[in-house]
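Scroll down for the structure; my scribbles are underneath it.
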Amino acid sequence: MKGKLMLLGIAGILSYCCLSCQQTNSSKTTPNDSVAALMDTSSFSTTIDTKKVYLYELTNKNGVQAYFTNYGARLVGLWVPDNKGKLCDVVLGFAKASDYNNPKEPFFGTIVGPFGNRIAKGKFKLDDKSYTLAVNNGPNTLHGGFKGVHFAHWILKKADQSSLTFTYTLPDGQEGFPGNIQMEVTYSLNDNNELMIAYRAETDKKTVINLTNHAYFNLNGEGSGTILGHQLQLFANQYTPVDSTLIPTGQLIAVKGTPFDFTAPKAIGKDINTNDQQLSYGKGYDHNFVLNKDKEGEWYKAAHVVGDKSGIVMDILTNEPGIQFYSGNFMNEQVQLKNGKKDSFRTAFCLEPQHFPDAPNQPNFPTTVVSPGQVYQTKSLYRFSVK
């Protein structure tokens with residue numbers, strides 16, 4: 001049985017009136033019916049910077065519901081079954097599109113680019129030509145700068161029963177990045193409860209590209225408390241230590257014997273308050289892990305996470321060389337989530353498959369340079385099950 005696509009807006013291949021959206025949602029079990037009711041066009045959709053913002057939904061035969069918006073090509077919410085068969089929203093997000101237009105908390109669920117993660121001092125060189133970027137994170141550039149692609153209105157290019165494809169072209173020189181960079185992101189949901197994100201990009205000038213998704217996860221459910229009891233395993237024997245501004249030093253350090261050892265499942269909170277300089281720099285975990293490239297079919301194993309209360313399991317597979325683990329250290333109740341709770345300290349984590357931070361300035365890191373005529377392609381898969 002194929003999944004179902006609902007485009008909860010006016011634009012696109014299918015559209016539904018507000019009533020039909022509510023009827024569809026109310027027919028499904030969710031942990032909070034009022035939250036499900038918020039996921040319709042009347043409460044979500046709006047106009048931002050004179051452009052329309054819409055809500056889209058993919059569902060599968062198991063009742064999994066995944067919601068997206070063209071504003072930042074974001075993942076807005078994701079309801080998956082817990083170990084009691086009850087649907088649980090494991091992705092933090094907002095009830096209204098306008099809440100995403102927030103410079104204090106701009107990255108919830110969004111695609112980040114053209115270069116996800118940090119670039120030291122907002123500078124890099126290509127062919128001896130220097131480029132200066134927008135600096136938005138202390139002395140550094142983070143996730144493409146102030147606007148990047150997270151505040152962009154992406155275009156819905158294609159939609160079918162199980163997938164959505166969004167496109168956006170970053171103009172040459174925006175945020176300081178060279179090239180007109182044509183980007184494409186496809187979200188696909190199958191009946192194995194797997195959400196795949198596939199990225200594609202081309203440029204007309206040599207540039208640097210590192211796209212990823214910045215979903216905030218809590219496998220016990222949005223607003224359910226801290227994620228410190230989640231069991232996490234990372235398929236990485238090394239990580240890239242950072243300086244005080246969270247820029248990698250260029251070293252690859254073994255995790256064994258350090259708080260960064262997640263080679264076997266371990267509670268996120270077990271070592272997070274250890275007196276360790278690296279943890280003090282990020283106020284917890286905010287580091288890139290070097291994947292071992294253990295294979296599962298066509299994929300590299302990246303992460304295995306279990307919600308300690310829900311029993312929900314999330315496995316992440318990718319073809320990227322690294323994964324950034326962020327333990328929600330800078331969350332400080334600046335925004336209200338879909339269910340009315342605040343984004344409190346360490347109530348979510350991010351696991352972002354990607355190339356390494358500051359790769360344009362680190363010659364020993366896998367390259368992120370893309371030239372005209374080349375096609376940038378990468379993908380990651382998020383598989384949900386129960387324990």
No-hydrogen, no-angle side-chain donor-acceptor test under 3.5 Å, [X] and [Y]:
X: E184; Y: T167; value: no
X: D172; Y: N180; value: no
X: T245; Y: N140; value: yes
X: E222; Y: N218; value: no
X: N329; Y: R346; value: yes
X: S188; Y: S163; value: no
X: N332; Y: Q334; value: yes
X: N213; Y: Y199; value: no
X: Q354; Y: N117; value: yes
X: Y67; Y: Q65; value: yes

If Ile, Leu, Val, Met, Phe, Trp and Tyr residues are connected whenever their side-chain heavy atoms lie under 4.5 Å apart, and connections chain through other members, are [X] and [Y] in the same group?
X: L78; Y: V305; result: yes
X: L133; Y: L246; result: no
X: F166; Y: I181; result: yes
X: I247; Y: I323; result: no
X: L211; Y: V112; result: no

Please check this pair: side chain of [X] against backbone of [Y], looking for a donor-acceptor N/O pair closer than 3.5 Å.
X: W154; Y: V149; answer: yes
X: K341; Y: G223; answer: yes
X: N361; Y: K123; answer: yes
X: T110; Y: G72; answer: yes
X: H304; Y: A264; answer: no
X: Q374; Y: S371; answer: yes
X: E175; Y: G148; answer: yes
X: T274; Y: D276; answer: no
X: N192; Y: E194; answer: no

Please indicate whether [X] has more than 12 foreign heavy atoms, meaning atoms of other residues, nucleotides or ligands, lying under 6.0 Å from its [atom1].
X: I155; atom1: CD1; value: no
X: K342; atom1: NZ; value: yes
X: K96; atom1: NZ; value: no
X: N364; atom1: CG; value: yes

Testing the basics here: between [X] and [Y], what is the closest heavy-atom pair and its distance to 0.1 Å?
X: P357; Y: Q324; result: CG-OE1, 3.7 Å
X: A215; Y: C350; result: O-SG, 3.4 Å
X: M314; Y: Y382; result: SD-CD2, 4.2 Å
X: A359; Y: P366; result: CB-O, 3.8 Å

Does the ring centre of [Y] sit less than 6.0 Å away from the ring centre of [X]?
X: H355; Y: F365; value: no
X: H214; Y: H143; value: yes
X: Y285; Y: F262; value: yes
X: Y71; Y: Y100; value: no
X: Y131; Y: F177; value: no
X: F68; Y: Y56; value: no

Check whether any side-chain heavy atom of [X] lies under 4.5 Å from a side-chain heavy atom of [Y], and answer yes or no.
X: N339; Y: D89; answer: no
X: L351; Y: L232; answer: yes
X: V64; Y: T59; answer: no
X: N237; Y: V290; answer: no
X: Y300; Y: N292; answer: no
X: I209; Y: T368; answer: no
X: R74; Y: H150; answer: yes
X: E202; Y: Y376; answer: no

Report yes or no: is the cationic atom of K338 (NZ for Lys, CZ for Arg) closer than 6.0 Å to the six-membered ring centre of W79, at no more than 45° off its axis?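 Pair K338/W79 counts as cation-pi.
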Just jot down the salt bridge (Lys or Arg N to Asp or Glu O under 4.0 Å) partners of R118, sequence neighbours excluded, or say none.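 In terms of salt bridge (Lys or Arg N to Asp or Glu O under 4.0 Å), with neighbours along the sequence ignored, R118 is linked to D286.
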Please determine if [X] and [Y] form a salt bridge, counting it only when a charged side-chain N lies under 4.0 Å from a carboxylate O.
X: E296; Y: R383; value: yes
X: E320; Y: K293; value: no
X: D271; Y: K266; value: yes

If the test is side chain to side chain contact (heavy atoms under 4.5 Å, CB included), which one of I268, I227, N220 qualifies with D308?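 It is N220, the one option of I268, I227, N220 that forms the side chain to side chain contact (heavy atoms under 4.5 Å, CB included) with D308.
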Step by step, would you call T165 with K157 a side chain to side chain donor-acceptor pair (under 3.5 Å)? CA-CA 6 Å; T165 298; K157 176 183 178 181; over 6 Å; no
Distance-only donor-acceptor hits, side chain of residues 251-259, under 3.5 Å, sequence neighbours excluded:
| residue | atom | partner | partner atom | Å |
| --- | --- | --- | --- | --- |
| Q251 | OE1 | T249 | OG1 | 3.1 |
| T258 | OG1 | V255 | O | 2.7 |
| T258 | OG1 | F260 | N | 3.0 |

State the CZ-OG1 distance between F146 and T141, to the nearest 0.5 angstrom.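 It comes to 8.5 Å.
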Show the numbers, then the answer: is there a side-chain contact (heavy atoms from CB on, under 4.5 Å) between N102 and V335? CA-CA 9 Å; N102 183 344; V335 293; 3.1 Å; yes
side-chain contact (heavy atoms from CB on, under 4.5 Å) assessment of V306 paired with H230: CA-CA 6 Å; V306 182; H230 283 57; over 6 Å; no
Quick one: side chain to side chain contact (heavy atoms under 4.5 Å, CB included) partners of D82, sequence neighbours excluded?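 Applying side chain to side chain contact (heavy atoms under 4.5 Å, CB included) to D82 gives K84, K86, S310, I312.
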Kindly indicate, with the supporting measurements, whether the criterion side-chain contact (heavy atoms from CB on, under 4.5 Å) is fulfilled by S162 and L189. CA-CA 5 Å; S162 59; L189 177 67; 5.7 Å; no
Determine whether T347 and M331 satisfy the following criterion, side-chain contact (heavy atoms from CB on, under 4.5 Å), listing intermediate values before the conclusion. CA-CA 8 Å; T347 55; M331 300 174 72; 3.4 Å; yes
